[in-house]
Amino acid sequence: MSVPSTTPLQATQSGVLREIQSDVLFNASLWVNIALAGAAILLFVYMGRDIESPRARLIWVATLLVPLVSLSSYVGLASGLTVSFLPMPPGHPLAGEAVLTPWGRYLTWTLSTPMILLALGLLANTDLATLFTAITMDIAMCVTGLAAALITSSYALRWVFFGISSAFFLAVLYVLLVEWPDDAAAAGTGDIFGTLKLLTVVLWLGYPLFWALGTSGIAVLSTAFTSWGYSALDIVAKYVFAYLLLSWVADNEGAVADVGVRLGGPESAAPVDD
């Protein structure tokens, strides 16, 4: 289906919605996530009902925001609001074709993945400088990934932005794998942090892989298959992750309740409710 690249987004939404609804596989990948996000919100609200300490509640709120953001974002995708037909640039395997591009996923990741890192950083009792670094690198990773998906003028520039996004991703991985494990061990949360860290790193590596193999990259995978790949990763990396974290916090609230906020090194710790 060809749509002129100059057609305003608003004028194409009805056509995009029809295309989404006609592709049963693609449409299902969105609505499954909407249903699971809604169920996760209700479950996480229930799980956090008895959490009282300020730090544990902050972890709970950050974790709860993950499915809340996902629910809103996936409704945007399913409605066609954040999906567009984009003409593929010269050199792309689908050059000249208008490809259905669900760019709204990047909005989801830009808002939800920082909440995941915030929860992990609080769990590890990391210092604020390192936490700020991880979150800003993560946001930069998502924004440059969005740029890579939206460029229609040059196939090479898509990969340039993909490389920049990957560089920011490496910075996030460094924090998760090198900086925070020691902090978590010192805070007494090393075991659960190790589990969640491994889950996060392994699953997050799948996102650039699906980008590269999908229609944004070399187009080996179809839009629908890529969408299911992203949705499956989101389900585990967000909802399963959040369930494991909240279960542990609810059962071990004392382990994080009295830990101080670190502005710098260990000597700068201060009570969280000061």
Side-chain angles (χ1 to χ4, degrees), residues 44 47-48 51-69 109-145 165-205 207 236-274:
F44 298 162
M47 292 173 68
I51 295 177
E52 297 180 352
S53 70
R55 191 181 189 88
R57 286 186 64 82
L58 184 55
I59 293 175
W60 171 63
V61 170
T63 307
L64 179 61
L65 281 171
V66 174
L68 283 169
V69 168
W109 300 330
T110 302
L111 296 173
S112 63
T113 54
M115 293 301 101
I116 292 174
L117 292 176
L118 175 60
L120 282 174
L122 290 170
L123 181 68
N125 188 35
T126 190
D127 62 272
L128 290 183
T130 307
L131 182 59
F132 178 80
T133 298
I135 290 176
T136 53
M137 291 298 103
D138 176 76
I139 293 172
M141 173 188 73
C142 296
V143 171
T144 51
S165 179
S166 298
F168 286 123
F169 183 36
L170 289 176
V172 174
L173 291 182
Y174 177 82
V175 172
L176 284 172
L177 295 174
V178 178
E179 296 283 346
W180 287 0
D182 290 341
D183 293 339
T189 58
D191 288 344
I192 182 62
F193 180 85
T195 298
L196 297 175
K197 172 197 70 178
L198 182 62
L199 182 70
T200 299
V201 169
V202 170
L203 291 172
W204 283 22
L205 285 170
Y207 290 93
V236 184
K238 294 178 180 179
Y239 315 141
V240 174
F241 166 93
Y243 175 79
L244 293 174
L245 175 56
L246 286 180
S247 294
W248 188 90
V249 170
D251 293 338
N252 301 273
E253 185 175 350
V256 295
D258 300 322
V259 179
V261 174
R262 293 171 51 200
L263 299 178
E267 69 280 358
S268 65
V272 70
D273 55 351
D274 277 4

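Numbering of residues begins at 1 and proceeds along the displayed sequence.
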Discussion item. Quick check against the 3.5 Å criterion: does W60 have a side-chain atom that pairs as donor or acceptor with the backbone of F44?
Written reply: yes
Worksheet item: When you measure from the side chain of E253 to the backbone N and O of E52, does any donor-acceptor pair fall under 3.5 Å?
Response: yes
Mind listing the closest non-hydrogen atom pair of [X] and [Y] along with its distance?
| X | Y | answer |
| --- | --- | --- |
| A124 | A187 | O-CB, 3.8 Å |
| A237 | I116 | O-CD1, 3.8 Å |
| P67 | T63 | CD-O, 3.1 Å |
| K238 | W109 | NZ-CD1, 3.9 Å |
| V172 | D138 | CG2-N, 3.7 Å |
| G121 | L131 | CA-CD1, 3.9 Å |

[atom1] of [X] to [atom2] of [Y]: how many Å apart, nearest 0.5 Å?
| X | Y | atom1 | atom2 | answer |
| --- | --- | --- | --- | --- |
| I135 | M115 | CD1 | CE | 6.0 Å |
| L173 | S166 | CG | OG | 10.0 Å |
| D183 | L123 | CG | CG | 11.0 Å |
| T126 | L120 | OG1 | CG | 10.5 Å |
| L196 | D191 | CG | CG | 11.0 Å |
| L68 | L111 | CG | CG | 11.5 Å |

Practice prompt. For side chain to side chain contact (heavy atoms under 4.5 Å, CB included), just list the numbers for T110 and I139, CA-CA rounded to whole Å, side-chain angles, deciding distance to a tenth of an Å, and then say yes or no.
Written response: CA-CA 5 Å; T110 302; I139 293 172; 4.1 Å; yes
Item to complete: Give the intermediate values and the outcome of side chain to side chain contact (heavy atoms under 4.5 Å, CB included) for residues M47 and Y243.
Response: CA-CA 9 Å; M47 292 173 68; Y243 175 79; 3.7 Å; yes
Fill in: Residue pair L117, L176: steps toward the side chain to side chain contact (heavy atoms under 4.5 Å, CB included) verdict
CA-CA 9 Å; L117 292 176; L176 284 172; 4.1 Å; yes
Practice prompt. Kindly assign one of parallel, tilted or perpendicular to the pair W204 and F169, based on the angle between their ring planes and the thresholds 30° and 60°.
Written response: tilted
Worksheet entry | Student check: side-chain heavy atoms of L199 and T195 closer than 4.5 Å | no
Discussion item. Under the rule for side chain to side chain donor-acceptor pair (under 3.5 Å), what residues qualify as partners of T189, not counting sequence neighbours?
Written reply: none
Worksheet entry | CG (N252) with more than 12 external heavy atoms under 6.0 Å | yes
Practice prompt. Could you walk me through whether V256 and L122 pass side chain to side chain contact (heavy atoms under 4.5 Å, CB included), step by step?
Written response: CA-CA 8 Å; V256 295; L122 290 170; over 6 Å; no
